[in-house]
Structures are given as C-alpha cells and as structure tokens.
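First up is the structure itself, then whatever we jot down about it.
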There are 2 protein chains.
Amino acid sequence: MVRTADHEARRRQLIEAAIEIAVGQGIDRVTVAAVARTAGVSVGLVQHYFPAKEELMRRAYAELLARLDARVARIVAAGEEHGDAIREMVPVALGELLPIGPRRTDEARVRLEFQTLAGRNPDLLATAQEHERRMRERLRVTVDNAKKCGETSRSADSSEVADDLWAAVTGAAPAMLVDPAFDGRRVLAGACQRAFPRECRRAART
Amino acid sequence: MVRTADHEARRRQLIEAAIEIAVGQGIDRVTVAAVARTAGVSVGLVQHYFPAKEELMRRAYAELLARLDARVARIVAAGEEHGDAIREMVPVALGELLPIGPRRTDEARVRLEFQTLAGRNPDLLATAQEHERRMRERLRVTVDNAKKCGETSRSADSSEVADDLWAAVTGAAPAMLVDPAFDGRRVLAGACQRAFPRECRRAART
DNA sequence: TTTTGTATCATACGGGTATATGGTTTAGCC
DNA sequence: GGCTAAACCATATACCCGTATGATACAAAA
C-alpha cells in the first residue's frame with residue numbers, strides 16, 4: 001500500500017464541516033458541494049471518504065449528540081465533584097437542551113431537524129434512539145442518586161420520574177422555538193422541583 | 001368575467017392531496033407534480049391556484065392543525081356535555097397528540113416535519129405559533145374550569161399548570177416516535193394527575 | 001354566433017442535487 | 001529511481017425540483 005492518509009481524521013474534518021453548515025444554515029443546506037467548499041476540498045474527496053451522503057449525515061448527527069451528551073455529563077460530574085444538590089444541578093444540565101441564547105437555539109433547531117429526518121430513516125432513527133436512551137438512563141441514575149440522599153421520595157419509580165423530566169425538557173425546547181414567549185425555564189424548573197422536592201446539599205468530595 | 005370556477009373548492013382539493021401525501025409519505029414527497037398526480041389534475045392547474053408552492057404548504061399545515069384542534073375541542077366539549085371529570089377528559093383529549101396507533105403516528109410525524117420546516121420559515125412559523133397559543137390557551141381555560149369545581153388547587157397558576165401539561169405531551173410525542181418503548185401515556189397520565197389532583201364529577205348538562 | 005378571458009393542460013427551462021467517471025498528483029515500496 | 005496504488009480533483013451525468021411559457025378548451029357575454 002502506498003500513500004496512506006489518516007482516514008478518520010479526514011472524516012472528522014468533513015463531519016465538522018457538515019455540522020457547521022447544519023447548525024448555521026439548516027440541515028438541508030448540507031449538500032456534498034457545500035461540505036466540500038466549507039472543508040476546503042473537492043467534491044470528489046468527500047465522495048472518497050463518504051461514498052454515500054447518508055453516512056456523512058449519520059456521523060454528523062451522532063457527533064452532534066455525543067457532544068451534547070458530553071456537555072451534560074460534564075455538568076453533572078462537576079456538580080457531583082462540587083457536592084452540589086442534585087435539584088440545583090439537574091436544571092443546569094438539562095438547560096443545555098433548551099434554546100436559550102443564539103448558540104443553544106441553533107443547536108436545538110438542528111437537533112429537531114435531524115430528529116425529524118430520523119422519523120423516516122432507520123439509520124438516523126437508531127442514532128436518535130441510542131441518544132435518547134442514554135439520556136434517560138443517565139437521568140434515571142441521577143434520580144436514583146437523589147433518592148439515596150433523600151432529595152427524591154424513596155417510593156417513587158426512578159424511571160417514571162426520569163421520563164417526566166425528559167418529556168418536560170424535550171417538550172419545552174420546541175415550544176420555545178415556536179413561541180419565544182414560552183417560558184421553558186419555568187417549566188424545567190417546575191419539573192425539577194417535582195422530581196427533587198427536598199433540598200440536600202452533600203459534602204464536596206474535593 | 002367568463003367561465004368562473006369555485007376557487008376555494010379547487011384549493012381545498014389540492015390541499016387535501018398535499019395532506020394525503022405528507023401524512024402518508026413524508027413532507028418532502030409533497031412535490032407540485034405529486035400533488036397534481038394525486039389530485040388528478042395537471043401541474044399547471046396546481047400553479048394556477050397556488051402560484052407558489054409555499055402557500056400550498058402553509059394552507060396544508062394550517063388545515064392539519066385545524067383538524068387536530070377540532071378533534072381536541074370536540075372531545076373536550078363532549079366531556080363537558082357529559083359531565084365528565086376534567087381529570088378524565090384531558091388525558092383523552094391530549095392523547096390525540098400522541099403517536100398511538102398508525103394514524104396518530106403518521107400524524108404526529110408529519111406535524112413534527114412541518115414544525116421543523118417552520119423553524120426556518122417565518123410563514124409556517126406563524127402558523128405553528130398560532131396553533132400552539134390556541135392549544136395552550138384552551139388548556140389554561142380548562143385548568144381554570146377545573147379550579148372552579150376543585151379539581152385543581154385554587155392557588156395554582158393556571159398558565160403554569162397548562163404549560164406543564166403542554167410540555168409533557170409535546171415532549172412525549174417525539175420521544176415515542178424515536179423510541180416505541182417510551183411510555184408516553186404514562187407520562188401524560190402523570191402530568192394530568194399533577195394538574196388535577198382531586199376528583200370531581202360534575203352533573204351532566206343534558 | 002362571435003368574442004373574450006378564464007380554466008386547464010403539456011411541455012420547456014434553469015438550477016440544484018447526488019453520484020459516476022476518468023484523469024492527475026504523490027507517497028512509499030521494490 | 002521508477003512503479004504502483006491510493007489520494008485527490010475537475011467535470012460529466014442523470015435526475016428531480018419549482019416555475020415559466022404558450023397553446024387549447026370552453027363558458028358566458030355581446
């Protein structure tokens with residue numbers, strides 16, 4: 001074999017370009033030509049690394065969700081490290097999902113676009129499903145932790161509480177996109193209040 | 001003027017075709033040619049009544065939402081006529097929004113598609129906004145009614161309770177589309193339970 | 001019956017899409 | 001150092017889209 005390039009690095013570069021276009025201009029402005037232009041390469045190169053456009057889209061979607069997931073996880077981890085109460089930490093973490101400010105608005109919009117596309121595309125749907133299950137599972141674990149220190153009623157079903165939170169936040173996001181007057185933060189705060197009725201500041205591990 | 005046709009009837013016929021395609025095959029299969037074919041007319045005729053495709057889409061979206069609204073309103077009205085408790089009536093009415101069964105699944109999916117399109121299209125956005133405000137206002141009024149007969153705490157903020165319900169149901173719907181295992185009915189039931197904690201069967205007006 | 005303008009149709013057009021194709025450059029191995 | 005296959009590019013291709021255009025059919029007014 002001769003002249004080997006770093007395939008994965010190239011792919012990441014193209015995925016980056018696709019994400020940039022999708023977030024900034026909308027998912028259907030992500031054309032092969034636009035990705036090539038943004039990445040500063042030829043159309044042929046894009047084809048070389050992504051023979052079918054769909055695979056590029058799937059990777060871009062997965063990357064987008066992975067980053068969101070990482071941000072949420074980081075906020076939760078930082079809160080636990082700091083010994084914050086879960087009831088204070090969760091609204092901040094889930095707030096990442098709400099279209100507050102330009103950046104999160106663009107992101108929420110493009111997530112909605114991908115999710116909609118996923119509605120008729122099995123590959124994208126699997127990606128969306130994976131993300132949703134990961135998030136709900138994370139929430140469930142968090143609720144379980146809250147139980148242990150008394151922030152949540154011990155008799156409550158953790159999955160049920162987690163799904164309530166999930167529905168609240170994923171419902172508030174598009175509502176805010178459609179009507180800026182919709183107070184998604186209030187809805188989220190209310191949902192967290194219900195999920196974690198009792199205060200419980202834990203000792204910092206540091 | 002010579003040879004006058006019923007413009008509005010023709011438009012309704014074309015809107016019908018557009019809705020049929022959108023619900024059955026997805027919003028981006030709604031092309032002018034497909035609408036013409038489905039309606040059994042020529043492409044030129046579609047253009048004659050809808051010089052721009054966007055207006056056809058706006059009308060189709062508005063019609064879709066109007067029908068949903070009518071179904072919800074009818075359920076609520078029937079419940080009130082029958083003297084049903086609001087806490088029993090609301091889950092049924094809002095259940096129309098959930099993708100339960102093939103029909104409601106197709107409808108929820110296409111609503112998501114339109115809403116997503118609206119995210120970057122001012123005309124469609126206005127239509128979506130109008131619908132959302134109508135639904136939330138209807139919910140607020142219902143919560144207010146529930147207060148009067150004691151199903152809801154008198155001290156609660158009706159808008160806040162209504163928005164909680166709205167977020168729960170509009171969050172549960174896409175979650176169910178993505179993951180069929182997501183129990184949206186349970187989430188909706190829980191939200192209604194919180195909104196209307198006390199039973200109160202009223203006398204039928206008939 | 002002739003005129004007239006609307007209703008309707010068939011088709012052309014221009015632009016944008018994903019993908020196919022064939023050529024050119026270049027890095028590593030014999 | 002030249003050979004070879006991968007990396008990369010420019011362009012062609014085939015298709016589908018919304019819209020424009022011009023012709024035809026036809027109902028009502030004159």
Side-chain angles (χ1 to χ4, degrees), chain A residues 1-22 24-61 113-114 116-118 120-124, chain B residues 1-22 24-61 113-114 116-118 120-124:
Chain A
M1 213 216 286
V2 294
R3 202 184 182 208
T4 76
D6 187 339
H7 284 220
E8 207 43 43
R10 269 290 196 216
R11 291 215 177 87
R12 268 186 272 115
Q13 176 193 5
L14 298 176
I15 289 165
E16 204 58 46
I19 289 178
E20 180 184 329
I21 298 165
Q25 309 175 236
I27 205 179
D28 50 42
R29 300 290 272 272
V30 182
T31 71
V32 175
V35 169
R37 202 178 323 120
T38 302
V41 298
S42 71
V43 168
L45 187 101
V46 177
Q47 289 183 267
H48 190 247
Y49 289 100
F50 291 100
K53 187 197 172 188
E54 175 166 334
E55 180 61 12
L56 171 58
M57 297 303 273
R58 222 212 71 235
R59 290 286 305 269
Y61 187 26
E113 289 175 339
F114 270 111
T116 299
L117 208 61
R120 312 227 181 227
N121 180 318
D123 279 357
L124 290 183
Chain B
M1 211 216 288
V2 295
R3 200 187 183 204
T4 75
D6 187 338
H7 284 220
E8 207 43 41
R10 268 289 197 217
R11 291 215 177 87
R12 267 185 274 114
Q13 176 193 6
L14 299 175
I15 289 165
E16 205 57 45
I19 289 178
E20 180 184 330
I21 298 166
Q25 310 176 236
I27 205 179
D28 51 40
R29 300 288 273 268
V30 182
T31 71
V32 174
V35 169
R37 202 178 323 121
T38 302
V41 298
S42 72
V43 168
L45 187 101
V46 177
Q47 289 183 266
H48 191 247
Y49 290 100
F50 291 100
K53 186 197 174 189
E54 174 166 336
E55 179 62 12
L56 171 59
M57 297 304 274
R58 223 212 68 236
R59 289 287 304 269
Y61 187 27
E113 289 176 339
F114 269 112
T116 298
L117 207 61
R120 312 227 181 226
N121 180 317
D123 277 358
L124 290 183

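Here is how names work: the chains are called A, B, and so on, in the same order as the sequence lines, proteins then strands, and each is numbered from 1. Scope of the values below: all heavy atoms of this structure, side chains included, with no hydrogens, waters or symmetry mates.
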Suppose we screen for side-chain contact (heavy atoms from CB on, under 4.5 Å). Which residues come up paired with [X], at least two apart in sequence or across chains?
X: B:Glu16; answer: B:Arg67
X: B:Arg29; answer: B:Ile21, B:Gln25
X: A:Leu117; answer: A:Ile27, A:Leu124
X: B:Ala18; answer: B:Val30, B:Val35, B:Leu56, B:Ala60

query = Counting only non-hydrogen atoms, which of residues 6-18 of chain A are less than 4.0 Å from DNA chain C?
reply =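 Of all residues in residues 6-18 of chain A, none places a heavy atom under 4.0 Å from DNA chain C.
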For [X] and [N], what is the distance between atoms [atom1] and [atom2] respectively, to the nearest whole Å?
X: A:Arg29; N: C:dA18; atom1: CZ; atom2: P; value: 13 Å
X: B:Arg37; N: D:dC17; atom1: CZ; atom2: P; value: 8 Å
X: A:Lys53; N: C:dG16; atom1: NZ; atom2: P; value: 15 Å

task = Working to the nearest 0.5 Å, report the span between CZ of A:Phe114 and OG1 of B:Thr116.
result =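 Nearest 0.5 Å value for the CZ-OG1 distance: 12.0 Å.
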Side-chain donor-acceptor contacts of residues 36-47 of chain B below 3.5 Å, not counting sequence neighbours, with atom names and distances?
{"unit_1": "B:Thr38", "atom_1": "OG1", "unit_2": "B:Ala34", "atom_2": "O", "d": "2.9"}
{"unit_1": "B:Ser42", "atom_1": "OG", "unit_2": "B:Gly44", "atom_2": "N", "d": "3.4"}
{"unit_1": "B:Ser42", "atom_1": "OG", "unit_2": "B:Leu45", "atom_2": "N", "d": "3.1"}

task = Go through residues 39-49 of chain B and report each residue with a non-hydrogen atom lying under 4.0 Å from DNA chain D, sorted by number.
result = B:Val43, B:Gln47
Counterpart residues, salt bridge (Lys or Arg N to Asp or Glu O under 4.0 Å), relative to A:Arg120 (two or more places apart) = B:Glu113
ask   = Among pairs that include at least one residue of residues 42-60 of chain B, which meet salt bridge (charged side-chain N to carboxylate O under 4.0 Å, His left out), considering only residues two or more places apart or in two chains?
value =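 Counting only pairs at least two positions apart or across chains, the salt bridge (charged side-chain N to carboxylate O under 4.0 Å, His left out) contacts touching residues 42-60 of chain B are B:Glu8-B:Arg59, B:Glu55-B:Arg58.
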